[in-house]
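Read the structure below first, then the notes.
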Amino acid sequence: MSTKELRERRSRALAPAYELFYDDPVHLVRGEGVWLFDNDGRRYLDCYNNVPSVGHCHPRVVEAIVAQARLLNTHTRYLHENVVKLGERLGTKFAGKLGACWFVCTGTEANDLATQIARTVTGRQGMLVGEGCYHGNSDLVLKLSTSSYPAKDRPDWLAAATAPDTYRGPYRAGSEPGGEEVLAERYADSVADCVAELAERGHQPAAMLVDSSWDDNGLFVPPRGYLARAASIVREAGGLFIADEVQAGYCRLGDTWWGHERYDVVPDLVVLGKPMGGGHPVAAVVSTPEIAAAFGERVDYFNTFGGNPVSAAAALAVLDVIDEEGLLKNAHDVGQHLGRGLAQLAKEHSIIGDVRGAGLFWGIDLVSDRESRQPVQRAETKRVVSAICREGVLTGIMGTHGNVIKIRPPLPFSRENADHALEVIDGCLRALSH
Ligand SMILES: Cc1ncc(COP(=O)(O)O)c(C=O)c1O
């Protein structure tokens with residue numbers, strides 16, 4: 001079937017809310033490792049997809065799914081070893097007492113549940129989030145997603161702290177005497193202001209929910225000490241700290257398994273999603289035995305598909321592959337190489353205002369003017385990523401202004417893959433500037 005025909009059928013069969021990437025959308029039919037293949041057999045280097053975290057269609061994940069699907073698939077109301085093993089294995093990946101798990105199917109559900117848990121155990125309704133963040137799309141979680149929900153319609157139980165944007169935000173790297181410490185304090189002051197704002201509206205904080213990569217904002221690396229300060233302000237006010245690791249988790253940022261670990265914070269609740277099942281829909285909330293017990297006293301939680309034996313088998317295979325193939329170290333090493341290459345590109349292209357990231361998660365912030373840091377229009381970013389796509393490399397778009405090229409490949413990305421992507425991006429930026 002032709003791509004044109006498929007597009008037409010798609011627009012009739014699917015609700016119009018579904019976006020397609022790129023000026024000329026790609027029609028993918030097969031994936032293997034970091035490569036994707038379209039219906040004409042053309043190969044694309046995947047620099048975008050984090051859900052197939054261990055590579056597209058990793059044989060270990062596929063075989064684990066198939067073997068378990070042949071045997072049995074039920075739910076968590078029967079005893080099954082897979083889900084128990086998965087909870088135990090995940091527990092070994094966290095610091096402190098984190099290790100009590102709830103299994104769900106999407107990041108949205110996990111954030112919804114984490115919020116419900118925080119509200120139930122604290123007996124409060126107030127929630128703090130960051131400005132410009134995304135956490136999912138249920139009725140509740142969309143309200144917590146300040147990037148998508150209209151600011152004028154925010155509920156009175158919600159307060160949004162200034163995101164720690166040290167490139168374009170109110171407090172910028174290099175602009176404050178005292179360096180990162182002072183920047184961290186300035187941004188954390190906004191969290192304290194949010195607690196005060198909630199109090200004025202008659203609410204106390206149940207929790208603060210933070211995406212440890214600030215992905216939807218455009219990928220921020222906060223000043224050292226910011227997250228720990230934010231967490232302690234919320235805890236002093238009696239609330240819990242929830243780390244949304246849907247983007248940053250599973251070794252994405254290279255040094256540590258989880259984003260929050262980079263910032264010396266042990267959360268009360270952690271939300272997992274996207275990369276967890278290597279392509280299969282699995283997500284989770286992880287907390288301490290105390291919080292889990294306090295919630296369990298009041299709520300009998302059940303999720304029909306969450307934690308089923310097939311999903312658990314996929315998630316266990318992902319943990320095995322990451323450890324056995326040394327993908328944390330790979331994310332670190334290749335990430336550093338990629339970061340150096342992107343920094344070099346920034347020297348050569350005036351359209352690049354900033355390059356930021358860690359591990360295998362990088363953003364190229366495009367500007368129309370380096371001095372003012374004026375972001376390019378989203379249409380311009382789309383033009384660039386579409387040109388990169390035509391050259392056989394898939395990247396994406398992120399950021400409040402839609403001006404940041406998103407590079408977030410599967411974890412088995414190699415130095416050669418990084419060099420290939422850098423060469424293509426360089427060539428496209430050169431061609432577009434003429
Ligand atoms: C940080 C973050 N949290 C939660 C979600 C929601 O996950 P899902 O789309 O699986 O519901 C997303 C999705 O993009 C996300 O980026």
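Every residue meeting the side chain to side chain contact (heavy atoms under 4.5 Å, CB included) condition with Ala228, not counting sequence neighbours, appears here in chain and number order: Val265. In this structure, the side chain to side chain donor-acceptor pair (under 3.5 Å) partners of Asp38, at least two apart in sequence or on a different chain, are Tyr44. Under the side chain to side chain contact (heavy atoms under 4.5 Å, CB included) criterion, Ala159 pairs with Cys194, Glu197, Leu198, sequence neighbours left out. Applying the side chain to side chain donor-acceptor pair (under 3.5 Å) rule to Arg356 yields the partners Asp354, Asp365; only residues at least two apart in sequence or on another chain are considered. Scored by the side chain to side chain contact (heavy atoms under 4.5 Å, CB included) test, Thr108 finds Thr106, Asn137, Ser138, Val141 as partners (sequence neighbours excluded). Legend: residues meeting side chain to side chain donor-acceptor pair (under 3.5 Å) with Glu32, ordered by chain and number and at least two apart, are Arg30. Residues satisfying the ring pair (Phe, Tyr, Trp, His ring centres under 6.0 Å) test with Tyr167, not counting sequence neighbours, are none. Residues meeting the side chain to side chain donor-acceptor pair (under 3.5 Å) test with Asp189, sequence neighbours left out: none. Annotation: side chain to side chain contact (heavy atoms under 4.5 Å, CB included) contacts of Ala313 (sequence neighbours excluded): Ala64, Gln68, Asn82.
Nearest heavy atoms, Ile388 versus Ile405: CD1-CD1, 4.3 Å.
The existence of a salt bridge linking Arg430 and Asp426 is confirmed by a sub-4.0 Å separation between a basic side-chain nitrogen and an acidic carboxylate oxygen. Between Glu380 and Arg383 there is a salt bridge, with a side-chain nitrogen of the basic residue lying less than 4.0 Å from a carboxylate oxygen of the acidic one. Ion pairing of Glu8 with Lys4 is present here, as a side-chain N (NZ or NE/NH1/NH2) and a carboxylate O approach within less than 4.0 Å.
The ring-ring contact (aromatic ring centres under 6.0 Å, His included) pairs that include a residue from residues 360-399 number zero, where partners must be two or more places apart or lie in different chains. Counting only residues at least two apart or on different chains, the ring-ring contact (aromatic ring centres under 6.0 Å, His included) pairs with a member in residues 19-41 are Phe21-Tyr48.
Side-chain atoms of His75 and Thr304 include no donor-acceptor pair closer than 3.5 Å. No hydrogens or angles considered: nothing links the side chains of Ser190 and Asp193 as a donor-acceptor pair under 3.5 Å. Asp419 and His337 are linked by a side-chain donor-acceptor pair at a separation below 3.5 angstrom, with hydrogens and angles left out of the test.
Using cut-offs of 30° and 60° for the angle between ring planes, the Trp258 and Phe94 rings count as parallel.
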Exercise answer: donor-acceptor pairs, residues 177-184 side-chain atoms, under 3.5 Å, sequence neighbours excluded:
{"residue": "Glu180", "atom": "OE1", "partner": "Arg224", "partner atom": "N", "Å": "2.6"}
{"residue": "Glu180", "atom": "OE2", "partner": "Arg224", "partner atom": "NH2", "Å": "2.9"}

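Using a distance-only test at 3.5 Å, with no hydrogens or angles considered, a donor-acceptor pair links the side chain of Asn417 to the main chain of Ser414. Between the Arg42 side chain and the Asn39 main chain, no donor and acceptor come within less than 3.5 Å of each other. Judged by distance alone, the side chain of Glu245 and the main-chain N or O of Tyr250 form no donor-acceptor pair under 3.5 Å. Side chain of Ser145 to main chain of Gly136: a donor-acceptor pair is present (N/O by atom type, distance under 3.5 Å, no hydrogens or angles). In terms of modelled atom types and a separation under 3.5 Å, the side chain of Arg235 and the main chain of Phe241 share no donor-acceptor contact. Although no hydrogens or angles enter the test, the distance criterion places a donor-acceptor pair under 3.5 Å between the side chain of Ser287 and the main chain of Asp268. Within the 3.5 Å criterion, the main-chain N or O of Pro275 finds a donor-acceptor partner in the side chain of Ser53. Not a single donor-acceptor pair under 3.5 Å links the side chain of Ser311 to the backbone N or O of Gly307. Without hydrogens or angle criteria, Arg154 side chain to Pro150 main chain gives no donor-acceptor distance under 3.5 Å. Side chain of Arg60 to backbone of Val318: no donor-acceptor contact under 3.5 angstrom is found.
With Val129 as the fixed residue, the side chain to side chain contact (heavy atoms under 4.5 Å, CB included) test singles out one of Val210, Asp244, Thr146, Asp211: Thr146.
Side-chain contact check for Val376 versus Ile351: some heavy-atom pair is nearer than 4.5 Å. Within the 4.5 Å cutoff, no side-chain heavy atoms of Leu422 are placed close to those of Arg340. Here the side chains of Ser147 and Asp216 are in contact, with some heavy-atom distance below 4.5 Å. Within the 4.5 Å cutoff, side-chain heavy atoms of Cys101 are placed close to those of Leu90. Residues Tyr226 and Val191 form a side-chain contact, since some pair of their non-hydrogen atoms from C-beta on lies under 4.5 Å apart. Counting heavy atoms from C-beta on, the side chains of Leu209 and Asn111 come closer than 4.5 Å.
Put simply, CG on Leu319 and CZ on Arg89 are 5.0 Å apart, with the number rounded to the nearest 0.5 Å. Atom CD of Gln344 and atom CD1 of Ile352 lie 10.5 Å apart (nearest 0.5 Å). In this structure, CH2 on Trp257 lies 4.0 Å from CD1 on Ile322, to the nearest 0.5 angstrom.
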| task | Just do the side chain to side chain contact (heavy atoms under 4.5 Å, CB included) check on Cys389 and Asp24 with the steps written out, would you? | result | CA-CA 9 Å; Cys389 170; Asp24 307 310; over 6 Å; no
| request: Tell me, with the steps shown, if Lys382 and Glu19 meet salt bridge (charged side-chain N to carboxylate O under 4.0 Å, His left out). | output: CA-CA 13 Å; Lys382 192 167 182 190; Glu19 184 197 2; 5.4 Å; no
